[in-house]
Asker: 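Here it is, the structure, as structure tokens.
Everything numeric here is computed off the predicted structure, so don't read it as measured data. Computation of the quantities below employed the complete heavy-atom set of this structure, encompassing side-chain atoms and omitting hydrogens, waters and symmetry-equivalent molecules.
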Amino acid sequence: MGAQKRRSRLTAAADAVNAAGEDFRTAAADQTLHTLAPEKFQLPGIGEEEKAVSWIYQNGMVGGPGRPIYDELMSAPEHERCPLCGHGTVSQLDHFMPKSSYPALCVDPLNLIPACSDCNKAKADKRASAIEDIPLHPYLDHIDGQTWLAARVIHEDGSVRLEFFVSPPSNWDQVLTARARNHFRLFGLRKTYALQANRFIGEIRDQLPALLASGGADIVRAHLLAGATSSLTNRPNSWMGVTYRSLANDVMFCHGAFGG
């Protein structure tokens, strides 16, 4: 199919694409994204074998008139931090509703999430069959201002490590809690945050004995709480802030069980 002919056929599908976007937004608000039937999100008159989705993305978004929108979406996260894991660096756009099943949403800005390569790979093209399986959408699920990430300090064989988990606020319903826990599993955040936290403990460990010697456990706790406050002020679920807070609340750690 020639480029001009393909462009004309895609232009003719504009109304269907706009309607698909509205249905997507309505379903997101109603928590019914898992019920969206893929057959209603196809590009009318265009078969899958024509690979129109890849053509639209490359010639419309990445290398076409939609490039300013692409750049704006990629630059939206502060410090290029992946909004799906809160740790990796944004390197690509992920289709929240997989483009293989919902091609009519392939360039909908709300369906394009800037993500790191690990998160994009973890999510892949999986379709959710239940509302609990829908990952958290960074722009539709407004939970960043609430505290939901927690960690437990584990002392074992003279070492110290953290295990992270989802601790839902009291105002969350069962669905949001289940979605958050599924999101945590899907993107491997328990392991990612633990690796970062345990490396971080190794970096700060050497300065703590001097604090303990100079002012006791209270000084160590105050130092850790100051770090927690600094880190959590703008990001209530920062793994670093949660690490500081968890260590500050651990009596054994503040009294000198720093591991090593």
Asker: Using the rule that two of Ile, Leu, Val, Met, Phe, Trp, Tyr join whenever any of their side-chain heavy atoms come within less than 4.5 Å, decide whether Leu73 and Met97 are in one cluster.
Answerer: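 Unlinked, Leu73 and Met97 end up in two clusters.
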
Asker: Tell me if a side-chain donor or acceptor on Arg199 pairs with a main-chain N or O of Ala194 at a distance below 3.5 Å.
Answerer: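 No, the answer is negative, given that no donor and acceptor are paired below the 3.5 Å cut-off.
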
Asker: What is the distance from atom CG of Asp23 to atom CG of Asn18, rounded to the nearest 0.5 Å?
Answerer: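 These two atoms lie 11.0 Å from each other.
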
Asker: Could you tell me the separation between the OH atom of Tyr193 and the CG atom of Asn198, rounded to the nearest 0.5 Å?
Answerer: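 So the gap between those two atoms works out to 14.5 Å.
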
Asker: Knowing that exactly one of Thr147, Thr177, Leu176 qualifies, which makes a side-chain contact (heavy atoms from CB on, under 4.5 Å) with Pro168?
Answerer: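 So the option named by the test is Thr177.
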
Asker: State the CG-CE distance between Leu112 and Met74, to the nearest 0.5 angstrom.
Answerer: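 Leu112 CG to Met74 CE: 11.0 Å, rounded to 0.5 Å.
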
Asker: If you measure from CD on Gln196 to NE2 on His87, what distance do you get to the nearest 0.5 Å?
Answerer: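 If we round to the nearest 0.5 Å, Gln196:CD and His87:NE2 are 3.5 Å apart.
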
Asker: Would a single hydrophobic cluster contain both Phe184 and Ile113, if residues Ile, Leu, Val, Met, Phe, Trp and Tyr are joined by side-chain heavy-atom contacts under 4.5 Å?
Answerer: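 Result: yes, single cluster for both.
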
Asker: Could you walk me through whether Arg245 and Thr229 pass side-chain contact (heavy atoms from CB on, under 4.5 Å), step by step?
Answerer: CA-CA 8 Å; Arg245 184 181 66 207; Thr229 299; over 6 Å; no

Asker: For the residue pair Leu162 and Ala151, what are the closest heavy atoms and their distance?
Answerer: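 Minimum heavy-atom separation between Leu162 and Ala151: CD2-CB, 3.9 Å.
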
Asker: With a distance cut-off below 6.0 Å to the six-membered ring centre and an angular limit of 45° from the axis, does Lys123 pair with Phe96 as a cation-pi contact?
Answerer: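 Yes; both conditions hold, so Lys123 lies above the ring face of Phe96.
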
Asker: Measuring centre to centre across the rings, with the benzene-like ring taken for any Trp, is Phe24 within less than 6.0 Å of Tyr102?
Answerer: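 They do not qualify: ring centres at least 6.0 Å apart.
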
Asker: Indicate yes or no: at least one non-hydrogen side-chain atom of Val160 is less than 4.5 angstrom from one of Val153.
Answerer: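 They are in side-chain contact.
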
Asker: Take Glu163 and Arg161 through the test salt bridge (charged side-chain N to carboxylate O under 4.0 Å, His left out) and record every step on the way to the result.
Answerer: CA-CA 7 Å; Glu163 285 189 353; Arg161 60 186 174 89; 3.1 Å; yes

Asker: For a 4.5 angstrom cut-off between non-hydrogen side-chain atoms, does Cys82 reach Thr89?
Answerer: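 No, every pair of side-chain atoms sits at 4.5 Å or beyond.
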
Asker: Does some side-chain heavy atom of Pro98 sit less than 4.5 Å from a side-chain heavy atom of Arg127?
Answerer: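 Yes, close enough: below the 4.5 Å cut-off.
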
Asker: Taking all heavy atoms of Val90 and all of Pro83, pick out the closest pair and write down the distance.
Answerer: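 Nearest pair, atom of Val90 first, then Pro83: CG2-CD, 4.3 Å.
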
Asker: Check the surroundings of atom CD in Glu39: do more than 12 heavy atoms from other residues, nucleotides or ligands lie under 6.0 Å from it?
Answerer: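 Count over threshold, so yes.
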
Asker: Evaluate the criterion salt bridge (charged side-chain N to carboxylate O under 4.0 Å, His left out) for residue pair Arg179 and Asp141; output intermediate values, then yes/no.
Answerer: CA-CA 10 Å; Arg179 288 181 63 205; Asp141 297 301; 2.8 Å; yes

Asker: Does atom NE2 (His34) have a neighbourhood of more than 12 heavy atoms from anything else shown, all under 6.0 Å?
Answerer: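 More than 12 within 6.0 Å, yes.
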
Asker: What's the separation between atom CG in Leu93 and atom NZ in Lys99, rounded to the nearest 0.5 Å?
Answerer: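 Nearest 0.5 Å value for the CG-NZ distance: 10.5 Å.
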
Asker: Would a distance-only check, ignoring hydrogens and angles, find a side-chain to backbone donor-acceptor pair under 3.5 Å from His137 to Tyr139?
Answerer: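 Looks like yes, one N/O pair under 3.5 Å.
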
Asker: Treating Gln31 as the side-chain partner and Ala27 as the backbone partner, does any N or O pair qualify as donor plus acceptor under 3.5 Å?
Answerer: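 No, Gln31 side chain to Ala27 backbone: no donor-acceptor pair under 3.5 Å.
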
Asker: Checking Arg221 against Asp218 for the salt bridge (charged side-chain N to carboxylate O under 4.0 Å, His left out) test, could you report, in this order, the C-alpha distance in whole Å, the side-chain angles of both residues, the deciding distance, and whether it holds?
Answerer: CA-CA 5 Å; Arg221 183 176 297 106; Asp218 288 343; 3.1 Å; yes

Asker: Can you tell me how far OG of Ser159 sits from CD1 of Ile154, rounded to the nearest 0.5 angstrom?
Answerer: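 Going from the CD1 atom of Ile154 to the OG atom of Ser159 covers 9.0 Å.
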
Asker: So, for Ile143 and Asn237, which heavy atoms are closest and what is the spacing to 0.1 Å?
Answerer: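 Closest approach of Ile143 to Asn237, heavy atoms only: O-ND2, 4.1 Å.
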
Asker: Can any side-chain N or O of His255 pair as donor or acceptor with the backbone N or O of Val251 at less than 3.5 Å?
Answerer: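 Flag set: sc His255 to bb Val251 pair under 3.5 Å.
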
Asker: Between Cys254 and Leu212, which heavy-atom pair has the shortest distance, and what is it?
Answerer: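 Taking every non-hydrogen atom into account, O-CD1, 3.5 Å.
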
Asker: Is Leu110 close to Arg25 at the side-chain level, that is, under 4.5 Å between some pair of heavy atoms?
Answerer: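 A side-chain contact exists here, since the closest heavy-atom pair is under 4.5 Å.
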
Asker: Leu189 vs Trp239, test: side-chain contact (heavy atoms from CB on, under 4.5 Å). Steps then yes/no.
Answerer: CA-CA 10 Å; Leu189 301 188; Trp239 66 261; over 6 Å; no

Asker: Please find the pair of heavy atoms, one from Leu140 and one from Ala28, that lie closest to each other, and give the distance.
Answerer: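 Of all heavy-atom pairs spanning Leu140 and Ala28, the closest is CD1-CB, 3.6 Å.
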
Asker: Do Phe258 and Ile204 make a side-chain contact, defined as non-hydrogen atoms from C-beta onward lying under 4.5 Å apart?
Answerer: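 Not in contact.
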
Asker: Check whether Met252 and Val220 end up in the same hydrophobic cluster, where Ile, Leu, Val, Met, Phe, Trp and Tyr are linked by side-chain heavy atoms less than 4.5 Å apart.
Answerer: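 Shared cluster, no.
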
Asker: Identify whether NZ of Lys or CZ of Arg in Arg152 sits under 6.0 Å from the centre of the six-membered ring of Phe165 and within 45° of that ring's axis.
Answerer: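 Output yes; distance and angle both within limits.
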
Asker: Going by atom types only, do Asn120 and Gln92 share a side-chain donor-acceptor pair under 3.5 Å?
Answerer: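 Yes.
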
Asker: Would Ile131 and Thr32 satisfy side-chain contact (heavy atoms from CB on, under 4.5 Å), going step by step from the backbone distance to the final call?
Answerer: CA-CA 7 Å; Ile131 185 60; Thr32 56; over 6 Å; no

Asker: Evaluate the side-chain proximity of Phe253 to Leu224: yes if any heavy-atom separation is below 4.5 Å, no if none is.
Answerer: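 Touching, per the 4.5 Å side-chain cut-off.
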
Asker: Can you hop from Trp148 to Leu186 via hydrophobic side chains spaced under 4.5 Å?
Answerer: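 Yes: a chain of side-chain contacts under 4.5 Å links Trp148 to Leu186.
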
Asker: Distance-only, no hydrogens or angles: does the Ser75 side chain make a donor-acceptor pair with backbone N or O of Glu72 under 3.5 Å?
Answerer: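 It does hold such a pair.
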
Asker: Same cluster for Leu195 and Met240 if Ile/Leu/Val/Met/Phe/Trp/Tyr side chains link at under 4.5 Å?
Answerer: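 No, it is not one cluster - the side chains of Leu195 and Met240 are not joined through contacts under 4.5 Å.
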
Asker: In terms of side-chain heavy atoms, does His155 have a donor or acceptor partner in Asp250 at a distance below 3.5 Å?
Answerer: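 There is such a pair between these side chains.
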
Asker: Any side-chain heavy-atom pair from Thr243 and Phe164 closer than 4.5 angstrom?
Answerer: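 Counting from C-beta outward, Thr243 and Phe164 do come under 4.5 Å.
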
Asker: Tell me, do Thr192 and Cys85 make a side-chain contact under 4.5 Å, heavy atoms counted?
Answerer: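 No, side chains not in contact.
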
Asker: Considering residues, nucleotides and ligands other than Gln146, do more than 12 of their heavy atoms fall under 6.0 Å from its CD?
Answerer: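 Enclosed.
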
Asker: Identify the heavy atoms of Ile134 and Ala128 that sit nearest to each other, and give their distance.
Answerer: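 Heavy atoms only, the tightest pair is CD1-CB, 3.4 Å.
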
Asker: Does Ser231 reach the main-chain N or O of Gly227 with its side chain, forming a donor-acceptor pair under 3.5 Å?
Answerer: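 No: the side chain of Ser231 does not pair with the backbone of Gly227.
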
